[in-house]
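Below: one structure, written as structure tokens.
In each ligand, atom 1 is the first atom listed, and ligand 1 is the first ligand listed.
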Amino acid sequence: MPLPAGISFSADLKVALPARFNVAVPFIDRHLAEGRGAKPAIRTASETVTYAELAERVNRTGNALVARGLVPGARVLMVVKDCPAFFYLFWGAIKAGIVPVPPNTLLRAADYAYMIEDCGCGLVVYSGEYAGEIEPALRQLGAKAPPAVTVDAFLTELARAPATLAPRLAAAEDDCFWLYSSGSTGRPKGAVHAQRDMVVTSELYGVRVLGVRESDVCYSAAKLFFAYGLGNAMTFPLWVGATAVLDDRRPTPDTTFETIERFRPTIYYGVPALYAAQLAALEAGGRDFSSVRACVSAGEALPATLFERWKARTGTVILDGIGSTEALHIFIGNRLDDHRAGTSGRPVPGYEARILDESGAAVAPSASGRLWIRAESAARYYWNKPEKTAETMVDGWLNTGDTYRQDADGYYIYEGRSDDMLKVGGIWCSPVEVENCLIGHPAVLEAAVVGHADADGLTKPKAIVVLKQAGGGGAALTEELMALCKKTLAPYKYPRWVEYVSELPKTATGKIQRFRLR
Ligand code: 3UK
């Protein structure tokens with residue numbers, strides 16, 4: 001499919017965009033002009049939304065947001081499950097010049113209270129399922145809380161909103177949407193993405209690496225709130241006029257295979273922990289994966305054994321690739337015609353990668369160091385966090401915080417984080433946050449949390465705990481600590497193992513040395 005009018009990529013894959021444009025036009029409106037109005041843009045278990053319906057609802061949403069008093073540049077926090085309304089809100093906001101901020105939907109009231117204040121949003125829209133966390137967050141903010149509305153109530157406002165909307169024009173570098181990213185210390189950071197960023201990821205990775213095309217049906221078990229899922233199941237299919245499949249349920253082998261068998265996607269995107277569980281289900285038999293021509297994995301490293309066993313069972317390769325919230329999507333990845341198990345692949349054409357030592361010099365070939373990348377899709381700054389911005393975004397390069405080396409053929413091999421952050425099921429987990437929760441238990445004096453490999457070679461949190469009274473650790477306390485974490489934190493963060501020790505290794509300044517506990 002030709003690129004949308006006014007958009008081109010040079011021979012060295014730099015994007016050229018019109019001086020004034022709105023990115024909702026090439027992703028949404030374009031398909032009407034090109035005759036795709038009757039084609040399904042979205043399919044779910046309960047509805048099909050055509051490109052014509054999508055474009056109209058996007059317009060009505062933009063108008064409804066304006067009617068609620070949101071002005072260009074204002075933020076709307078959208079805590080929305082994977083459903084068509086996610087598309088309406090995201091693109092309706094963008095088309096009206098309003099900035100959508102879709103956070104992780106698995107978080108707790110305290111996390112949302114922080115984000116609502118930090119982003120200064122003029123409206124919160126949330127799926128009813130999340131009322132139990134959003135409503136306490138709003139109450140906690142008291143008079144500072146912005147107006148809030150459930151998705152269902154908001155959808156009834158659409159009927160009254162006009163069905164046409166002129167796109168608010170912007171420059172390619174203007175702020176377009178934000179995604180929150182977590183760090184090991186401190187609060188989540190709002191990575192501010194520009195109008196051009198989704199154009200770059202969709203064309204460079206979606207089209208040119210994966211070969212996403214109009215006839216594809218894209219299904220991502222990783223949710224839309226995750227930059228990975230946002231590209232997989234929204235921007236990539238919309239970029240080429242393909243169809244996205246959405247399922248709002250928690251991804252398990254049962255729900256994902258049911259969705260795959262029913263909608264027969266051609267491209268499937270998962271995370272390693274889910275592939276491991278799905279493989280066990282495939283090995284047990286009776287599941288049909290034959291519609292899928294390409295599988296993608298990201299979020300954490302895909303163990304080589306999982307790649308091999310999956311290929312032996314399904315005949316399809318899983319393309320592992322590393323992406324980040326800041327880069328927006330995958331910047332080093334395997335390809336259908338060029339892949340190596342146990343590696344993240346090679347840089348996506350159009351992205352540049354460097355492995356540097358502590359002093360900022362390039363490491364010797366095959367030596368490990370810090371991975372930096374240069375990406376035209378990169379967030380330009382973190383909202384209100386000038387120091388974090390200065391540390392992470394330097395002279396057009398992005399510090400990934402990951403340690404990598406290259407093998408003799410140039411494939412990139414992941415060697416861990418340079419901070420203590422964990423990826424659990426592909427999603428960030430800060431050890432400090434889990435430790436702080438454990439310390440809240442009256443029996444606990446100190447705690448350290450580290451990553452520990454489960455039977456599939458995938459990382460899960462493990463807690464090492466010092467009790468106030470020696471000799472008190474047992475199965476009952478372990479259960480209590482796990483339950484406390486599940487209740488207080490996003491449940492995926494709870495420690496799967498608890499070990500009791502008499503003291504923790506510390507630095508001279510008293511900082512826990514987590515690396516010595518791994
Ligand atoms: C880690 C990986 C090894 C790595 C993401 C695809 O994961 C995404 O974004 P996040 O901001 O996390 C980024 C960090 O996660 N990581 C991601 N993928 C891999 N480590 N192998 C991998 N394949 O530490 C990275 O810095 O949550 C992934 C597309 C968009 C994304 N946002």
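Residue, atom and distance of the protein heavy atom nearest to atom 12 (O) of ligand 1 are K423 NZ, 2.9 Å. Looking at atom 18 (N) of ligand 1, its nearest protein heavy atom turns out to be G299 N, 3.0 Å. Looking at atom 3 (C) of ligand 1, its nearest protein heavy atom turns out to be A301 N, 3.3 Å. Atom 11 (O) of ligand 1 has T325 OG1, 2.5 Å as its closest protein atom, hydrogens excluded (heavy atom only). Ranking protein heavy atoms by distance to atom 14 (C) of ligand 1, first place goes to W428 CZ2, 3.4 Å. At the top of the distance list for atom 24 (O) of ligand 1, counting protein heavy atoms only, stands D402 OD1, 2.5 Å.
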Verdict with supporting geometry, N232 and H329, side-chain hydrogen bond (donor to acceptor under 3.5 Å, both in side chains): CA-CA 9 Å; N232 298 342; H329 213 276; 3.0 Å; yes
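By heavy-atom distance, the residue among S182, S324, G229, G323 lying nearest atom 32 (N) of ligand 1 is S324.
Listed by number with element, the atoms of ligand 1 under 4.0 angstrom from any heavy atom of L328 are 30 (C). Listed by atom number, the atoms of ligand 1 under 4.0 Å from D320 heavy atoms are 22 (C), 23 (N). Of all atoms in ligand 1, numbered sequentially from 1 with element shown, those under 4.0 Å from a heavy atom of T400 are 26 (O).
Considering backbone and side-chain atoms together, A227 places no N or O closer than 3.5 Å to any N or O of ligand 1.
If you check the side chains of Y411 and D338, you find a donor sitting under 3.5 Å from an acceptor.
A salt bridge is absent between R370 and E415; no separation between the charged side-chain nitrogens and carboxylate oxygens falls under 4.0 Å. For the pair K223 and D248, the salt-bridge criterion is not met [side-chain N within less than 4.0 Å of a carboxylate O].
Using a 4.0 Å cut-off between heavy atoms, Y414 contacts ligand 1 through its side chain alone, with no backbone atom that close. Here I322 has heavy atoms under 4.0 Å from ligand 1 in both its backbone and its side chain. Residue R417 touches ligand 1 through its side chain alone, judged by heavy-atom distances below 4.0 Å.
Considering CH2 of W428 and CD of E300, their distance stands at 10.5 Å, rounded to 0.5 Å. The CD1 atom of I94 sits 3.5 Å away from atom SG of C176, with the distance rounded to the nearest 0.5 Å.
Looking at D247, its side chain does come within 3.5 Å of a backbone N or O of R249 through a donor-acceptor pair.
Look at L371 and you'll find every heavy atom at least 4.0 Å from all atoms of ligand 1.
Between V434 and P495 the shortest heavy-atom distance is CG1-CD, 4.1 Å.
The only option from I330, I322, T201, I332 that meets the side chain to side chain contact (heavy atoms under 4.5 Å, CB included) definition with V348 turns out to be I330. A ring-ring contact (aromatic ring centres under 6.0 Å, His included) with F27 holds for exactly one of Y51, F177, W239; it is W239.
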